[in-house]
Number of protein chains: 2
Amino acid sequence: MTKRKTLIDVATAAGVSKMTASRALRGDRDVSAASKERVIKAAKEIGYFGNNLAASLSSERSDIIGVVVPSLTNIVFPQAMSGVSDALVGTGLQPAFGVTDYDLDREYEVVGRMLSWRPAGMIVTGVDQSAPTRQLLSEAGIPIVQIMDSDGDAIDSIVGFSHRAAGTEMAQALLKKGRQRFGYIGCNLQSDLRAGRRRQGFEDALRQSGLNFEASLTRECLSSVGDGRALTQQILTENPDLDCIYYSNDDVAFGGLCYCLHSGMGVPDRVALSGFNGLGILQGFPGLIATSTTLRRDIGHAAADIIVGSLKAAKRASQTIIMQPQTLLGALDETP
Amino acid sequence: MTKRKTLIDVATAAGVSKMTASRALRGDRDVSAASKERVIKAAKEIGYFGNNLAASLSSERSDIIGVVVPSLTNIVFPQAMSGVSDALVGTGLQPAFGVTDYDLDREYEVVGRMLSWRPAGMIVTGVDQSAPTRQLLSEAGIPIVQIMDSDGDAIDSIVGFSHRAAGTEMAQALLKKGRQRFGYIGCNLQSDLRAGRRRQGFEDALRQSGLNFEASLTRECLSSVGDGRALTQQILTENPDLDCIYYSNDDVAFGGLCYCLHSGMGVPDRVALSGFNGLGILQGFPGLIATSTTLRRDIGHAAADIIVGSLKAAKRASQTIIMQPQTLLGALDETP
DNA sequence: GCAGGTATCGATACCGGTATCGATACCAGT
DNA sequence: ACTGGTATCGATACCGGTATCGATACCTGC
């Protein structure tokens, strides 16, 4: 490969100093229109693309926004990332994504490595960071936004909602519809603390009515839909009297719905199914699964906006934005 | 915020020069065990996390692997990213993801910006890059791997398969099962060139048997499952004689299955449905949709391995790995 | 005791940009 | 003609690390 082009090559080609070339390319002032044009033309001709490393090192700032998510295989996180990505288009900022696999030590590692690229801001998922991670973030001196969850202490800003409250609200809605015998099915609860909080919130509401889950199956899962189907078969076989099942999320609930449809069990009359997220998959059988719709894209978008805003304002303005999930009962709503 | 710690702070704290500190932290040779220990201890105490910008600028290399995908909302790409991410754990390399939204100009932009971080390697999706993008990549002097598609010219290495062949194979399998009246339903074909190639391959096989699609509905979609359901209703209403529908992918096909189950149409006896990817969602109704299973995670993993390997070997060894999809007919296989 | 080798360390020169400030040229106003 | 101001540009000093090479100390064998 040929040596990579540097700013000096551009400057030489344009017949100016590298400083003038630098200014011209960045649209800085103090450059005549004529030089500017010559430099830009020269840069294009020799195929110059700059070196962010040097630029950021020198200017003590980069245009990277670090985004840390626990998983890529749960579609809600890519959707949130998508919102971030969209919000940053045209701002000159660029997202960089990192994955933690729901592991707090990995998260520390990933955050540390990201910070060492001196990003302009960071977006991290959830509020359950370890103490060292929180310290890293809060000492970084850049805007930090925690997303997807508001059941905890803020490092700086938060865009999310209370999973606990979402669980409670869903339980209350189902109770109001006369459901009494509840089962719970969950996947990956070890690591997914937010799903655990939803369950807790749900349980709280049940207890307030003197009830509790009559059965509960939790398991580390691979295929959410397939496992949801299998676990639903198991729970309904072992507990044929259940009239409502709360799932850790929509994927698993949808698997349950597939089982019920396949075995001819009436949904939601005979047994009501309730998930979480309002995923697109539910459109396969509209209204049959009660869910809480969460605005993942909007959350990602809003988080990015906070960072863009506080970079422009050149000051940290911590804020907390709650994007309340909406409880949708679907067909269940039409029953008395 | 307090001034960020630099290597000099660590060196001072440990009572050595910054050069010795640098060597100690990187595990370089030429450092006594005693100094090494003191430096590492000092670094931990003052919370030093390095500055990748300076390190990479100076050493002319970074530990970033750039990964460019067209979309985050189509689950197959996050799955491939996941494979990359896994493969890089423990290698000291770090993935950085970029999104193009299926836009060739955005792709050029994203690739250019990534390259200006001087990554150690790049993984890009597909083989349909624009000429300028290809030039950027091939001149970067780093290992490049194109993934997910082998129907085109390689820049360097390729890990993928022929979508065209996959379409052909599926059509042949369905023809062999006696299907004769085919419909096609596709979402987002404008941008998803690979889905288009599958359709072409499928059509090729039909023509060889003197057949063709009797009906075809394509549309830019939002919710694949929901749109698949609606489009299937439409195509079957307008063409009640179809005995097989090929979809652009499994999501859309699954929506179609939901419609058929809901309206009591026998699948696959009355009408066979065929998708692509072997998604987990199919486990909701195992075997009812014929599909081609693609190894997204493995593709991502293999691509990352190629880069890791060629970095270790310090030479570019272009290779092409074909991970052939497997055509699964499911329940259809049990019909004569 | 001395030559030659090895282990350890630090001074110095970069890497490729940007910030800063001074130099130069040119203009208008008096 | 001279002064003061503005527009344009370049020399220089960094940013925070790493590569290189020379310096020093210590050890070994004869």
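Sequence lines set the chain letters: A, B, ... in the order given, protein chains first and strands last, and positions in each chain run from 1.
- Rounding to the nearest 0.5 angstrom, the gap separating the CG atom in B/Asp63 from the CZ atom in B/Arg118 is 15.0 Å.
- Using a 4.0 Å cut-off between charged nitrogen and carboxylate oxygen, B/Arg134 and B/Asp153 do not count as a salt-bridge pair.
- Atom-to-atom, CG of B/Leu7 to P of C/dC9 comes out at 15 Å; the value is rounded to the nearest Å.
- At whole-Å resolution of the value, CD in B/Glu60 and P in D/dA19 are 10 Å apart.
- For A/Lys41 and A/Glu37, the salt-bridge test fails: no basic side-chain N is under 4.0 Å from an acidic carboxylate O.
- One finds no salt bridge joining A/Lys36 and A/Asp30 here, because no Lys/Arg side-chain nitrogen approaches an Asp/Glu carboxylate oxygen to under 4.0 Å.
- Put simply, the side chain of B/Ser56 never gets that close to the backbone of B/Leu53: no donor and acceptor are under 3.5 Å apart.
- In this structure, A/Leu57 places its CG atom 8 Å from C1' of D/dG17, rounding to the nearest Å.
- Whole-Å rounding puts the B/Leu115 CG to C/dG16 C1' distance at 16 Å.
- Listed by residue number, the members of residues 15-40 of chain A with any heavy atom below 4.0 angstrom from DNA chain C are A/Lys18, A/Met19, A/Ser22, A/Arg23, A/Arg26.
- Spacing between atom CD1 of B/Ile8 and atom C1' of C/dT12 amounts to 13 Å, rounded to whole angstrom units.
- Rounded to whole angstrom, the span from the NZ atom of A/Lys5 across to the P atom of C/dG16 amounts to 13 Å.
- The closest donor-acceptor contact from the side chain of B/Thr294 to the backbone of B/Arg296 lies at 3.5 Å or more, if one exists at all.
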If you apply the rule side-chain hydrogen bond (donor to acceptor under 3.5 Å, both in side chains), what do you find for B/Ser82 with B/Ser85, and how did you get there?
CA-CA 5 Å; B/Ser82 216; B/Ser85 186; over 6 Å; no
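- Residues satisfying the salt bridge (Lys or Arg N to Asp or Glu O under 4.0 Å) criterion with A/Glu109, sequence neighbours excluded, are A/Arg113.
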Check nucleotides 4-6 of chain D against the protein and report each pair of N or O atoms closer than 3.5 Å, with its distance, or say if there are none.
none

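- The side chain of A/Tyr48 places no N or O atom within less than 4.0 Å of a non-bridging phosphate oxygen (OP1 or OP2) of C/dG16.
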